[in-house]
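Ligands are counted one by one from 1 in listed order, and the atoms in each one are counted from 1 as well.
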Amino acid sequence: MSQTHARITASVYTSHVPAIGAAVDLGKTGTDYWAPLFKGYEFSKQWMKEHTPDVIFLVYNDHATAFSLDLTPTFAIGCAEEFQPADEGWGPRPVPMVIGHPKLAAHIAQSVIQQDFDLAVAHKMDVDHGLTVPLTLMCGQPKAWPCPVIPFAVNVVQYPVPSGRRCFELGRAIRRAIESYDEPLNVQIWGTGGMSHQLQGPRAGLINKEFDNAFMDQLIANPAAQAEVPHVNYVREAGSEGIELVMWLIARGALADVAGGPAPRVAHRFYHVPGSNTAIGHLILEEQ
Ligand code: DHB
Ligand code: FE
């Protein structure tokens with residue numbers, strides 16, 4: 001039977017450290033420091049070429065760039081035609097404009113809000129390293145990004161932040177929304193941020209390899225259990241910015257097995273320390 005509706009084909013998870021973007025933009029990826037990190041994404045760039053979707057639903061967090069700390073939505077979906085790479089203080093990154101998919105985004109907004117999740121709807125939203133660095137890691141330096149992207153911003157910067165459980169349930173709602181869209185689009189859902197890191201205070205520089213690897217194990221095999229971990233555990237064990245990992249649960253919650261289907265296949269797994277002040281984690285899960 002031919003496909004009539006949109007479907008999720010795979011999910012991608014990756015850290016989004018700004019220094020990674022700078023290393024690419026300044027031509028430093030081959031240095032002793034950076035080469036081992038970028039090696040972990042060689043498979044991914046090839047995989048992305050072979051599995052280019054029609055749309056990427058990209059879960060990330062804004063770092064007080066598009067949203068000032070005066071007004072911070074917990075969840076914001078980008079419904080615009082396009083999104084400008086943000087100026088984070090040293091000029092916008094030299095990367096392509098991000099082209100949106102307003103029709104699918106508006107459908108997802110309608111469906112997810114009707115499933116009782118409060119989303120802010122953004123018609124103008126500059127996108128910072130949280131979104132552009134994952135695109136760079138997965139796609140390299142193309143003239144244009146390979147497909148439209150729906151930016152989905154999550155507040156993990158200003159307390160209170162959403163729980164892992166809520167993020168996971170939101171992922172389930174996003175799956176239902178995508179599957180009810182009546183065009184045969186192949187959609188990838190990406191979860192970005194993490195892994196363990198703390199950028200300020202006495203614990204700045206904190207890395208917790210055990211936590212990170214256990215998180216990835218559990219995200220793959222038993223995401224419902226991972227979703228029960230309270231946010232304070234991430235902060236205690238993975239550092240104040242380790243809370244970014246709850247965004248991976250949104251992408252994971254959108255996969256088939258959570259809705260009673262088959263488990264995803266682990267196409268790629270990578271972990272590397274250090275990447276700037278953080279531990280770099282990366283997974284590609286394919287739907288079966
Ligand atoms: C840094 C910033 C981030 O947003 C992040 O997720 C990791 C690292 C940084 O400034 O080094
Ligand atoms: Fe971040």
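Here D54 does not pair with R7 in a salt bridge; the nearest charged N to carboxylate O distance is not below 4.0 Å. Contact check on E169 versus R165 returns no salt bridge, with no Lys/Arg side-chain nitrogen under 4.0 Å from an Asp/Glu carboxylate oxygen.
On a distance-only criterion, T278 and ligand 1 share no N/O pair closer than 3.5 Å.
Annotation: atom 11 (O) of ligand 1 to nearest protein heavy atom, S276 OG, 3.3 Å. Here the heavy atom of the protein found nearest to atom 5 (C) of ligand 1 is H197 NE2, 3.3 Å. When hydrogens are left out, the protein atom nearest atom 3 (C) of ligand 1 is H129 NE2, 3.5 Å; that is the closest non-hydrogen contact. If you check which protein heavy atom lies closest to atom 1 (C) of ligand 1, you get P18 CD, 3.4 Å.
When only modelled atom types and interatomic distance are considered, N61 and H63 share a side-chain donor-acceptor pair under 3.5 Å. For W248 and Q226, the side-chain atoms include no donor-acceptor pair closer than 3.5 Å.
The shortest distance between side-chain heavy atoms of V246 and V161 does not fall below 4.5 Å.
With a heavy-atom cut-off of 4.0 Å, E244 touches ligand 1 through its side chain alone.
Within ligand 1, counting atoms from 1 as listed, the ones closer than 4.0 Å to a heavy atom of N277 are 11 (O).
Residue E241: no N/O/S atom is found under 2.8 Å from the Fe ion (ligand 2). In summary, H16 places an N/O/S atom under 2.8 Å from the Fe ion (ligand 2), meeting the contact criterion.
Distance check, rounded to the nearest 0.5 Å: NE2 of H282 to CZ of F43 gives 8.0 Å.
In this structure, Q198 contributes its side chain and S240 its backbone to a donor-acceptor pair below 3.5 Å.
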